[in-house]
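Here is the structure we will look at.
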Amino acid sequence: MKVTLKIWRQPDAASPGAMQTYELDQVSEDMSFLEMLDVLNEQLNDRGEDPVAFDSDCREGICGMCGVMINGQAHGPEVTTTCQLHMRSFKDGDEIVVEPWRADAFPVLKDLVVDRGALDRIIQAGGFISANTGSAPEANSAPVARDKALRAFNVAACIGCGACVAACPNGSASLFLGAKITHLGELPQGQPERYSRVVDMVAQHDHEGFGGCTNIGECTAACPKEIPLDVISQLNKDLRTALVHGR
């Protein structure tokens, strides 16, 4: 198949960027989207041109590094990560627009690569538990109700890719934040810091320049791990409790 690629090119964080157009032929429908970009970069290298910079690591839908906007959708037309999106999702002759995540809190470093360190700093602000050092505790020493364990397990699937931020018209990271708050808040190990955690993480979220949540729902629609919207409700509930009781 043949595709036309319109890709955002930006040499560095301080320079202006622009869309550039590339024609790519003999693209296999079995290629992943990133493999298709690899083929493009091989051709650019052969011509002595600067290859397109993009993030990737595991290429198995686990690490969350690979996110880009494809035709205006976070990760593209399928509910999956960019590395697990295959070219069979497109048609011969399609024009594909590829851009980096668009959010004030995610400054572009080069081409399709953005700095998502803001999400790491949110985790550093409170995404941890207090635990004594030493040998691992016995597995059943802290009983957890089945429904709470399942919910914690399901929301812990968040890989921090930033698709929720890129898809949100407000540039909010509330789905990411809600997933982390809910994950630890459902477990007994997370109770000692439960309310100080939510206050500190929300403060860091706002400090990083993320927008506020207005419950539009684009975040969960774009999430490759299908994190439910109700984690934001849990986030708000814990935050209200913390502020009312001065915790």
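Being a predicted model, the structure only gives us computed values, none of them experimental.
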Backbone of Lys237 reached by a side-chain donor or acceptor of Thr241 within 3.5 Å
yes

Partner set under side chain to side chain donor-acceptor pair (under 3.5 Å) for Thr80, not counting sequence neighbours
none

Does the side-chain hydrogen bond (donor to acceptor under 3.5 Å, both in side chains) test come out yes or no for His86 and Ser32, once each step is laid out?
CA-CA 4 Å; His86 288 79; Ser32 73; 5.6 Å; no

Would you say His183's side chain and Ala156's backbone share a donor-acceptor pair under 3.5 angstrom?
no

With Cys219 as partner, the option from Ser174, Ser172, Cys164 fulfilling side-chain contact (heavy atoms from CB on, under 4.5 Å) is Cys164

Walk me through it: do Gln234 and Thr182 pass the test side-chain hydrogen bond (donor to acceptor under 3.5 Å, both in side chains)?
CA-CA 6 Å; Gln234 187 65 56; Thr182 303; 5.4 Å; no

Check: residues 90-102 side-chain donor-acceptor pairs under 3.5 Å, at least two apart:
residue, atom, partner, partner atom, Å
Asp92, OD1, Lys2, N, 2.7
Asp94, OD2, Lys91, N, 2.8
Trp101, NE1, Cys161, O, 2.9

Donor-acceptor contact below 3.5 Å, side chain Thr214 vs main chain Ile216
no

Contact between Asp55 and Val68 at the side-chain level, heavy atoms closer than 4.5 Å - yes or no?
no

Which heavy atom in Ser28 sits nearest to a heavy atom in Met87, and how many Å separate them?
O-CB, 3.5 Å

Does the Arg197 side chain pair with the main chain of Gly185, one donor and one acceptor, at a distance under 3.5 Å?
no

Output yes when a side-chain donor or acceptor of Glu193 lies under 3.5 Å from a complementary backbone atom of Ser130, and no otherwise.
yes

Hydrophobic cluster mates of Leu175, side-chain heavy atoms under 4.5 angstrom, ILVMFWY only, any path?
Val155, Ile227, Leu229, Val231, Ile232

Does a side-chain heavy-atom distance below 4.5 Å link Ile123 with Phe176?
yes

Looking at every non-hydrogen atom in both residues, tell me the closest pair between Val198 and Ala242 and how far apart they are.
CG1-CB, 4.0 Å

Gln189 meets the side chain to side chain donor-acceptor pair (under 3.5 Å) criterion, sequence neighbours left out, with none

Each residue besides Leu184 in its hydrophobic cluster should be listed here, by chain and number; the cluster joins Ile, Leu, Val, Met, Phe, Trp and Tyr at side-chain heavy-atom distances under 4.5 Å.
Ile129

Working note: Asn236 + Ser233, criterion side-chain hydrogen bond (donor to acceptor under 3.5 Å, both in side chains); need CA distance, chi angles, decisive distance, verdict.
CA-CA 5 Å; Asn236 292 333; Ser233 299; 5.8 Å; no

Would you say Asp120 has more than 12 foreign heavy atoms packed within less than 6.0 Å of its CG?
yes

Carboxylate-amine/guanidinium proximity below 4.0 Å for Asp50 and Lys110:
yes

Over all heavy atoms of both residues, which pair between Met201 and Gly127 is shortest? Give the atoms and the distance, please.
SD-N, 3.7 Å

Taking only residues two or more places apart in sequence, or in another chain, which ones meet Gln124 in a side chain to side chain donor-acceptor pair (under 3.5 Å)?
none

Is there a side-chain hydrogen bond (donor to acceptor under 3.5 Å, both in side chains) between Asn45 and Glu49? Walk through the geometry before answering.
CA-CA 6 Å; Asn45 279 325; Glu49 300 178 29; over 6 Å; no

Sequence-distant partners of Gln204, side chain to side chain contact (heavy atoms under 4.5 Å, CB included), two or more places apart
Arg121, Ile122, Ala125, His207, Glu208

Around Arg146, counting heavy atoms of other residues, nucleotides and ligands shown, do more than 12 lie under 6.0 Å from its CZ?
no

For the CD atom on Gln26, are there more than 12 heavy atoms of other groups (residues, nucleotides or ligands in this structure) within a distance under 6.0 Å?
no

Test question: given the 4.5 Å side-chain rule for I, L, V, M, F, W and Y, name all other residues clustered with Val113, or answer none.
Leu109

Within residues 220-232 or reaching into it, pairs that qualify as side chain to side chain donor-acceptor pair (under 3.5 Å) - sequence neighbours excluded
Arg151-Asp230

Suppose clustering is done on Ile, Leu, Val, Met, Phe, Trp and Tyr with side-chain heavy atoms closer than 4.5 Å. Which residues sit in the same group as Val79?
none

Is there a donor-acceptor pair closer than 3.5 Å between any side-chain N or O of Gln10 and the backbone N or O of Ala18?
no

Give a yes or no on whether the backbone of Val52 and the side-chain of Asn41 come within a donor-acceptor separation of less than 3.5 Å.
yes

Distance-only, no hydrogens or angles: does the Arg9 side chain make a donor-acceptor pair with backbone N or O of Met19 under 3.5 Å?
no

Quick check: do Thr81 and Ile159 have side-chain heavy atoms less than 4.5 Å from each other?
yes

Phe210: what forms a ring-ring contact (aromatic ring centres under 6.0 Å, His included) with it, not counting sequence neighbours?
Phe106, His205

Quick one: list whatever passes side chain to side chain donor-acceptor pair (under 3.5 Å) with Asp206, sequence neighbours left out.
none

Note: Ala118 and Ala105 closest approach over all heavy atoms is CB-O, 4.0 Å

